[in-house]
Amino acid sequence: MGLVNLATVLAKAQKQGYAVGAFNFINMEVLQGILDAAVEAHAPVILQTTEGAIEYAGIEYLAALARTAAGSAGIDVVLHLDHGKHLETVVQAIRHGYTSVMMDASDKTYGDNLDITKQVVRIAHMVNVSVEAELGRLKGIEDTVSVRDAQASLVDPEQAQAFARETGVDALAPAIGTSHGAFKFKGTPRLDFQRLEQVARLTGIPLVLHGASSVPAGTVKKANDYGAAIKGAAGVPDDIMKQAISKGICKINTDTDLRLSFTAGIREELTNHPEVFDLRNILGPARQAVKSMVLNRIEVFGSAGKG
Ligand code: G3H
Ligand code: 13P
Ligand code: ZN
């Protein structure tokens, strides 16, 4: 089976009330960890790369890895450009066989975001490639200095309704209080569910949660026990994630959890076996740690058995 587009997997998820995991990869081991888990759980999966990943590894390598993985997987696999900031990268991704692209112009004015997203939808839809866009700015609610600031950085539901209608995007990422990385909340984790419900009702399209890593205390502790110095880390708890899914989130972006599990795995191997320098003995267990993490996330997202 080849790659499928995002609209196809999200339509099914939206109808049945689960979310599809979208996992970032930058190399073969992380990709295989993700794929092995998705195949074992028979879950649909979105493999995604940022512009930074493309700069690091080269788009030919990343696209070829994903195509190879999807070919024998026997589950629905999407190859998605995450946070495409430039029209050139979006076109490059489409030319290399990506089946979905994100046009992230969320840091531009509403008008500019609308214009460029419309342009991307026109191009991508001609070749059956799906499009995701973002509205609002990703920032933890506590990171804003005032309530007024918080309102300004989060998505405006009525604007989202107009944006979805005018652009024809297949999926929308509304800012509702998550942020990228391992330090999402200073106090009690909280998302703006009221806003999420409004966006879901007014747009009717599948919604995406960025900055959705769970940052498990156990994984952070393992990394720290083996030499990392990660303090004050906090992610999105599973119960909050499940609530978000019940209110319209159909795609869940996860990168930090994979970075944490992969590097904790490497640290453990290097510490416990200082005599080892065969890369396979170091990266193999790290790949296994990514697989365990992805299996755990798939369970929480409710996508097991939906592949
Ligand atoms: O937005 C997703 C990532 O966690 C940031 O990834 O460092 O490859 O841009 P990046
Ligand atoms: P995390 O940093 O929470 O993993 O978010 C990843 C993400 O949103 C990628 O687009
Ligand atoms: Zn993101």
Side-chain angles (χ1 to χ4, degrees), residues 6 10 19-27 30-31 33-34 45-59 61-62 66 78-86 89-90 93 98 100-107 113 130-141 143 153-155 171-185 189 191 206-217 219-220 223 230 232-238 240-241 244-245 249-264 289-290 293-294 296-298 300-301:
L6 186 69
L10 294 193
V20 184
F23 301 100
N24 289 71
F25 74 99
I26 59 151
N27 67 7
V30 173
L31 171 74
I34 299 165
V45 71
I46 300 156
L47 303 170
Q48 56 185 19
T49 71
T50 60
E51 291 187 346
I54 290 170
E55 204 175 310
Y56 172 76
I59 196 163
Y61 282 89
L62 296 173
V78 177
L79 177 58
H80 174 78
L81 173 68
D82 186 30
H83 293 288
K85 295 273 185 188
H86 306 91
T89 322
V90 165
Y98 281 55
S100 178
V101 291
M102 175 182 189
M103 181 66 234
D104 179 6
S106 59
D107 55 347
N113 190 352
S130 307
V131 180
E132 172 187 334
E134 178 169 316
L135 275 180
R137 294 195 171 81
L138 287 192
K139 239 182 190 186
I141 294 174
D143 291 343
S153 68
L154 298 182
V155 65
L172 181 69
I176 55 164
T178 55
S179 56
H180 290 123
F183 310 94
K184 301 185 192 297
F185 303 102
L191 299 184
L207 302 178
V208 183
L209 193 63
H210 280 251
S213 275
S214 57
V215 190
T219 309
V220 173
I230 305 168
V236 181
D238 290 351
I240 291 190
M241 188 69 78
I245 296 167
I249 293 295
C250 300
K251 171 177 183 271
I252 297 182
N253 282 20
T254 306
D255 188 353
T256 298
D257 279 351
L258 309 190
R259 293 178 180 192
L260 287 170
S261 52
F262 196 72
T263 55
V290 168
M293 177 66 80
V294 173
N296 168 281
R297 302 324 297 152
I298 283 172
V300 173
F301 303 162

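We count ligands from 1, going down the list as the structure has it; atoms in each ligand are counted the same way.
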[atom] - nearest protein heavy atom and its distance:
atom	answer
atom 7 (C) of ligand 2	H180 CD2, 3.3 Å
atom 8 (O) of ligand 2	G211 N, 2.8 Å
atom 2 (C) of ligand 1	D82 OD2, 3.6 Å
atom 9 (O) of ligand 1	T50 OG1, 3.6 Å
atom 3 (C) of ligand 1	D255 OD2, 3.2 Å
atom 3 (O) of ligand 2	K184 NZ, 2.5 Å

Using only atom types and a distance under 3.5 Å, with no angle test, would you say the side chain of [X] pairs donor to acceptor with the backbone of [Y]?
X	Y	value
Q48	N253	no
T178	H210	yes
S100	L6	no
K184	A234	no
E51	K85	yes

- Could you go step by step and tell me if I59 and T89 meet the side-chain contact (heavy atoms from CB on, under 4.5 Å) rule? CA-CA 10 Å; I59 196 163; T89 322; 5.9 Å; no
- Query: Does the N or O separation between N24 and ligand 1 drop below 3.5 Å for any pair?
  - Reply: no
- Task: Evaluate the side-chain proximity of V78 to V20: yes if any heavy-atom separation is below 4.5 Å, no if none is.
- Result: no
- Message: Could you check whether any side-chain heavy atom of V236 comes within less than 4.5 Å of a side-chain heavy atom of P189, counting everything from C-beta outward?
- Response: no
- Just go through H83, R259, Q48 and tell me whose heavy atom is the nearest to atom 7 (O) of ligand 1. R259
Just how far is it from atom [atom1] of [X] to atom [atom2] of [Y], taken to the nearest 0.5 Å?
X	Y	atom1	atom2	value
K251	L10	NZ	CG	7.5 Å
I252	S213	CD1	OG	10.5 Å
L31	I26	CG	CD1	11.5 Å

- Query: Counting only protein atoms, how many N/O/S atoms are less than 2.8 Å away from the Zn ion (ligand 3)?
  - Reply: 3
At less than 4.0 angstrom from any non-hydrogen atom of [X], what atoms of ligand 2 do you find?
X	answer
N24	9 (C)
H83	10 (O)
N253	5 (O), 6 (C), 7 (C), 8 (O), 9 (C), 10 (O)
S213	1 (P), 3 (O), 4 (O)
T254	4 (O)
H210	8 (O), 10 (O)

Heavy-atom contacts under 4.0 Å between [X] and ligand 2: side chain, backbone, both, or neither?
X	answer
D82	side chain
T50	neither
A22	neither

- Relative to each other, are the rings of F23 and F301 parallel, tilted or perpendicular (30° and 60° limits)? parallel
- Message: My understanding is that only one of T49, T50, N24 makes a side chain to side chain donor-acceptor pair (under 3.5 Å) with D82; could you say which?
- Response: N24
- Mind checking whether N253 contacts ligand 1 via backbone (N, CA, C, O), side chain (CB onward), both or neither, at a 4.0 Å heavy-atom cut-off? neither
- Task: Verify side-chain contact (heavy atoms from CB on, under 4.5 Å) between M293 and L258, making sure each step is shown before the conclusion.
- Result: CA-CA 7 Å; M293 177 66 80; L258 309 190; 4.1 Å; yes
- Counting both backbone and side chain atoms, is some N or O of D255 under 3.5 Å from an N or O of ligand 2? yes
- Could you say whether the N/O atoms of T256 and ligand 2 ever approach to under 3.5 Å? yes
- Task: Determine, stepwise, if the pair F185 / I240 fulfils side-chain contact (heavy atoms from CB on, under 4.5 Å).
- Result: CA-CA 13 Å; F185 303 102; I240 291 190; 5.9 Å; no
- Determine, using heavy atoms of R259 and all atoms of ligand 2, whether some pair is separated by less than 4.0 Å. no
- Identify the heavy atoms of A19 and I249 that sit nearest to each other, and give their distance. CB-O, 3.7 Å
